[in-house]
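First the proteins, then the strands, lettered A, B, ... as listed; each starts at 1. Keep in mind that what you see is a predicted model, and the values were worked out from it rather than measured.
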There are 2 protein chains.
Amino acid sequence: MTADPHFPNILMIRKLESIFTLSDEEKQALRDLPIQVISLKDDQDIVRIGDRPSQCCLVLEGFTCVYKLTSEGKRQIMALHVPGDIPDLQSLHLKVMDNSIASISPCTVGFIQHEDLRRVCEHYPRLTAAFWRETLVDASIFREWLLNIGRREAYTRMAHLLCEFLMRLEAVGLVEDGFFDLPITQAELADVIGTSSVHVNRVLQALRADGLIQTKRTQVTIPDWEKLTVAGEFDPLYLHLEGGDAA
Amino acid sequence: MTADPHFPNILMIRKLESIFTLSDEEKQALRDLPIQVISLKDDQDIVRIGDRPSQCCLVLEGFTCVYKLTSEGKRQIMALHVPGDIPDLQSLHLKVMDNSIASISPCTVGFIQHEDLRRVCEHYPRLTAAFWRETLVDASIFREWLLNIGRREAYTRMAHLLCEFLMRLEAVGLVEDGFFDLPITQAELADVIGTSSVHVNRVLQALRADGLIQTKRTQVTIPDWEKLTVAGEFDPLYLHLEGGDAA
DNA sequence: CGACTCTTTGAGGCTCATCAAATGTAGTGG
DNA sequence: CCACTACATTTGATGAGCCTCAAAGAGTCG
């Protein structure tokens with residue numbers, strides 16, 4: 001990671017700019033946002049269900065996950081977040097956390113105080129819209145995951161998840177030639193797609209056997225994007241990767 | 001339904017007021033919003049995936065659902081909306097619909113132009129926050145449904161869904177003594193909880209046999225709320241039914 | 001009363017969970 | 001460099017939950 005103390009701010013600005021055109025003033029306001037950076041090992045809770053946080057968390061490096069547990073202790077991961085995402089942006093308007101957020105790989109995150117974020121939003125309504133939109137895209141991904149988990153079988157689900165990951169990582173420059181790092185265990189993948197780790201293992205073997213993915217440690221290569229999207233019934237519409245400025 | 005031409009506006013105001021305290025000016029602005037009311041039979045699409053709507057839809061009477069189809073034509077319902085909800089509020093900031101919305105019972109809905117909604121939000125930032133919060137609660141429900149579908153079995157899932165429905169309908173005054181109307185077929189319930197209609201039928205029988213619900217036509221009675229919440233592992237936290245004003 | 005839709009029931013099979021154990025792969029300290 | 005530990009992946013076997021197909025009852029409505 002760059003030593004630039006403003007790297008978190010720049011990451012956030014780049015992310016918003018991929019959708020909205022920001023004025024110099026807006027960019028400056030974002031650049032001036034105080035962001036407290038900390039590093040985490042994997043599997044560390046960042047916020048917990050029931051908390052009443054006074055800050056939001058911006059992912060800088062690595063991946064985080066949003067999860068909940070059933071009363072029998074089964075875990076469901078509802079979302080994965082990559083650098084540039086703000087997994088608990090909702091806490092700006094919902095006092096109590098209704099889910100927990102944890103690092104799923106070693107990662108770096110930045111904390112932004114709610115009051116600072118609110119102040120910026122008050123002065124720059126277009127930034128309010130931009131942040132609001134971020135939470136709407138998150139919601140859109142939840143919907144797609146509901147379809148995935150509710151109505152597709154494990155093989156398709158996994159292919160779909162890998163497609164989504166590739167696209168989202170590509171958007172932040174973390175993919176080269178269909179090749180990216182996925183530092184997530186099979187047990188965690190199981191918690192994402194709602195199956196068991198044993199079954200994840202078998203599904204991954206099937207995907208490899210069908211030539212849809214190649215894996216080496218935590219590295220994943222997609223040799224044939226077209227084929228994987230077909231196997232995963234993947235249509236990137238729901239990611240809303242372009243066109244944010246209101247009509 | 002009342003003949004009052006401002007009924008839709010009043011419904012919206014009441015909904016927001018259950019969370020935020022609104023000033024007279026804010027209320028007046030909402031009362032002045034033009035809303036075009038129309039009636040629908042059941043199973044009618046209101047907006048479709050891929051559409052670029054220029055208006056939002058406020059549910060006035062009956063229920064609507066948010067759904068998507070897999071390429072094999074299987075349907076997953078991602079959300080149910082009750083009077084007072086705005087199922088496609090997201091379209092204010094996401095140009096293209098990533099899901100379809102349909103009536104699931106005969107219903108009345110009101111359409112509000114995006115431009116009108118935007119104008120109100122510009123003048124009253126607290127209303128922006130209130131609408132933003134609505135979309136955040138929707139997202140919170142998506143997360144809970146992901147846990148439900150991904151990690152709980154059908155019996156628990158159904159109990160959970162009925163708990164949620166009771167609470168949400170109670171919030172808009174549509175429940176009396178644990179008794180409410182649920183004009184939804186078992187096939188539709190199956191699309192909600194991600195199973196088959198045959199299995200829904202068996203699960204409902206089991207719930208009846210266990211004394212957790214009583215049904216008569218589309219009428220549902222919950223004789224023992226406490227027992228049903230245990231069976232459904234239900235914790236209403238995720239509905240965020242109170243406390244919206246920022247700290 | 002017939003046409004339609006929805007609910008209910010049965011039977012067989014498939015997907016996937018669970019349990020348990022073996023193998024593989026870092027990371028640590030001697 | 002090797003033994004040792006801690007995890008993660010892989011494999012096998014068994015069974016539970018649920019799907020699908022098919023057909024029979026029950027409401028509901030013109």
Using a cut-off of 4.0 Å between protein heavy atoms and nucleotide atoms, how would you tag nucleotides 14-27 of chain D 5' to 3' with B, S and -? ----SSBB-----S

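- A donor-acceptor pair under 3.5 Å is formed between the side chain of A/R151 and the backbone N or O of B/T195.
- B/N99 is linked by a side-chain contact (heavy atoms from CB on, under 4.5 Å) to A/R143, B/V66, B/K68, B/Q90, B/M97, B/I101, counting only residues two or more places apart in sequence or in another chain.
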Report all side-chain donor-acceptor pairs from residues 44-58 of chain A shorter than 3.5 Å, counting only partners two or more places apart or in another chain.
{"unit_1": "A/D45", "atom_1": "OD1", "unit_2": "A/Y67", "atom_2": "OH", "d": "2.7"}
{"unit_1": "A/D45", "atom_1": "OD2", "unit_2": "A/R48", "atom_2": "NE", "d": "2.8"}
{"unit_1": "A/D45", "atom_1": "OD2", "unit_2": "A/Y67", "atom_2": "OH", "d": "3.2"}
{"unit_1": "A/D51", "atom_1": "OD2", "unit_2": "A/R48", "atom_2": "N", "d": "2.9"}
{"unit_1": "A/Q55", "atom_1": "OE1", "unit_2": "A/Q113", "atom_2": "NE2", "d": "3.0"}

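- Checked by atom type, the side-chain pair A/E61/A/T108 shows a donor-acceptor distance below 3.5 Å.
- Think of the region where chain A sits on DNA chain C: with heavy atoms and a 4.0 Å cut, that region ends 5' and 3' at C/dC16 to C/dA26.
- Here B/E153 does not pair with B/R157 in a salt bridge; the nearest charged N to carboxylate O distance is not below 4.0 Å.
- Between A/Q205 atom CD and D/dT10 atom C1' there is a gap of 6 Å when expressed in whole angstrom units.
- The local environment of CD in B/E72 is crowded, with over 12 non-hydrogen atoms from other residues, nucleotides or ligands closer than 6.0 Å.
- Using a cut-off of 4.0 Å between Lys/Arg side-chain N and Asp/Glu carboxylate O, B/E144 and B/R152 are scored as salt-bridged.
- With hydrogens and angles ignored, the 3.5 Å screen pairs a side-chain donor or acceptor of A/S103 with a backbone N or O of A/K41.
- A heavy-atom distance below 4.0 Å to DNA chain D is reached by none of the residues of residues 62-71 of chain B.
- Listed pair A/N201 / D/dT9 fails the phosphate criterion, with no side-chain N or O lying under 4.0 Å from OP1 or OP2.
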With side chain to side chain donor-acceptor pair (under 3.5 Å) as the test, would you mind laying out the steps for B/S197 and B/Q186 before giving the verdict? CA-CA 6 Å; B/S197 61; B/Q186 295 183 0; over 6 Å; no

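- A/K15 has a carboxylate O that lies under 4.0 Å from a charged side-chain N of A/D85, or vice versa, which qualifies the two as a salt bridge.
- Under the side chain to side chain contact (heavy atoms under 4.5 Å, CB included) rule, B/V200 has a single partner from B/V192, B/D191, B/L189, which is B/L189.
- Annotation for A/G110 and A/I35: closest pair CA-CG2, 3.6 Å, computed over non-hydrogen atoms.
- Two rings, from B/F165 and B/F63, have their centers less than 6.0 Å apart.
- Atom-to-atom, CD of A/E188 to P of D/dC7 comes out at 13 Å; the value is rounded to the nearest Å.
- For the helix from C/dT7-D/dA24 to C/dG30-D/dC1, the axis fitted to the five pairs at one end and the axis fitted to the five pairs at the other end meet at an angle of 40° (nearest 10 degrees).
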